[in-house]
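Have a look at the structure below before the remarks.
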Amino acid sequence: MPGYAGRVHHYFTAHPERLRIMNWGRLEPVGAPLAGSDDPVRATTRRKTEQVRAARQAGHLDPSRDPADILMFVSQIAMTWVGRTDLVPADEGERVAFLTARRAAIVAAVQRLFPAVAVRTGR
């Protein structure tokens with residue numbers, strides 16, 4: 001989960017316009033169907049939740065945590081700095097250093113909240 005959080009942070013800081021489009025889509029009424037298709041956000045969330053559930057069942061994550069909660073918490077932590085362009089330095093070098101440090105903090109926080117569980121070999 002820490003690596004996933006780092007990748008999400010990096011992706012959306014590199015592509016903030018995609019976050020804006022996602023947030024715009026969230027303004028649609030709840031349950032509003034897309035014309036002639038399944039809701040891709042719900043489908044992606046289901047797929048990712050199943051991946052977390054599989055990791056939990058394989059013994060990689062704490063089995064007492066709900067997979068949907070893990071996914072939502074990790075996603076929100078990963079996105080913490082993405083929408084805060086007002087706090088990111090304007091200078092490119094400072095910006096890169098700042099976002100690199102934020103990514104490290106995000107990865108460390110997720111590691112502490114959702115540590116990998118050692119898989120037992122059955123010996």
Side-chain angles (χ1 to χ4, degrees):
M1 296 309 302
Y4 170 76
R7 289 187 304 275
V8 168
H9 167 77
H10 180 76
Y11 178 82
F12 283 108
T13 55
H15 304 285
E17 73 281 0
R18 293 182 182 159
L19 176 63
R20 287 191 295 274
I21 290 171
M22 286 174 53
N23 286 336
W24 183 43
R26 290 180 181 137
L27 295 173
E28 295 298 319
V30 174
L34 297 174
S37 69
D38 292 329
D39 181 351
V41 173
R42 289 180 191 260
T44 298
T45 301
R46 277 192 304 273
R47 181 181 52 78
K48 289 180 180 183
T49 301
E50 286 307 313
Q51 289 174 331
V52 173
R53 180 172 283 112
R56 193 184 72 161
Q57 289 173 341
H60 299 294
L61 292 168
D62 181 348
S64 68
R65 303 282 185 106
D66 184 281
D69 288 340
I70 293 171
L71 178 62
M72 290 300 114
F73 294 155
V74 170
S75 295
Q76 289 304 305
I77 292 168
M79 303 289 276
T80 299
W81 286 97
V82 174
R84 296 308 313 257
T85 56
D86 56 323
L87 299 176
V88 177
D91 176 77
E92 184 63 24
E94 290 178 27
R95 180 181 183 281
V96 169
F98 180 86
L99 291 174
T100 298
R102 301 298 69 79
R103 180 180 178 157
I106 287 165
V107 168
V110 170
Q111 177 59 44
R112 287 183 188 110
L113 286 171
F114 304 103
V117 177
V119 178
R120 295 188 179 109
T121 60
R123 288 187 210 167

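Numbering starts at 1 and runs along the sequence shown. Keep in mind the model is a prediction, meaning the values are calculated, not measured.
Taking each heavy atom of Arg95 and Pro89 in turn, the nearest pair found is CB-O, 3.4 Å. Contact between Leu61 and Met1 at its shortest, heavy atoms only, is CD2-CG, 3.9 Å. Of all heavy-atom pairs spanning Thr80 and Arg84, the tightest one is O-CG, 3.8 Å. The two residues Val110 and Ala5 have their closest heavy-atom pair at CG2-CB, 3.7 Å. The two residues Leu19 and Val82 make their nearest non-hydrogen contact at CD2-CG1, 3.2 Å.
Cluster note: Leu27 groups with Trp24 through ILVMFWY side-chain heavy atoms spaced under 4.5 Å, whether in direct contact or through intervening members.
In this structure, Arg7 fails the cation-pi test against Tyr11, since its NZ or CZ atom is not both closer than 6.0 Å to the six-membered ring centre and inside 45 degrees of the ring normal.
Counting heavy atoms from C-beta outward, Leu71 and Tyr4 have side chains that approach closer than 4.5 Å.
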### Task
Any chance you could lay out the side-chain contact (heavy atoms from CB on, under 4.5 Å) test for His10 and Leu99, step after step, and finish with the verdict?
CA-CA 8 Å; His10 180 76; Leu99 291 174; over 6 Å; no
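Note that CD1 of Ile21 is 8.0 Å distant from CZ of Arg18, once rounded to the nearest 0.5 Å. Ile77 CD1 to His9 NE2: the interatomic distance, rounded to the nearest 0.5 Å, is 13.0 Å. Rounded to the nearest 0.5 angstrom, Phe98 CZ and Thr13 OG1 are separated by 11.0 Å.
Note: the hydrophobic cluster containing Val107 does not contain Val74 (ILVMFWY, side chain heavy atoms under 4.5 Å, direct or indirect links). Cluster membership for Leu87 and Phe12, using ILVMFWY side-chain heavy atoms within less than 4.5 angstrom, is shared.
Within the structure, the salt bridge (Lys or Arg N to Asp or Glu O under 4.0 Å) test picks out the following pairs touching residues 47-68 (sequence neighbours left out): Glu50-Arg53.
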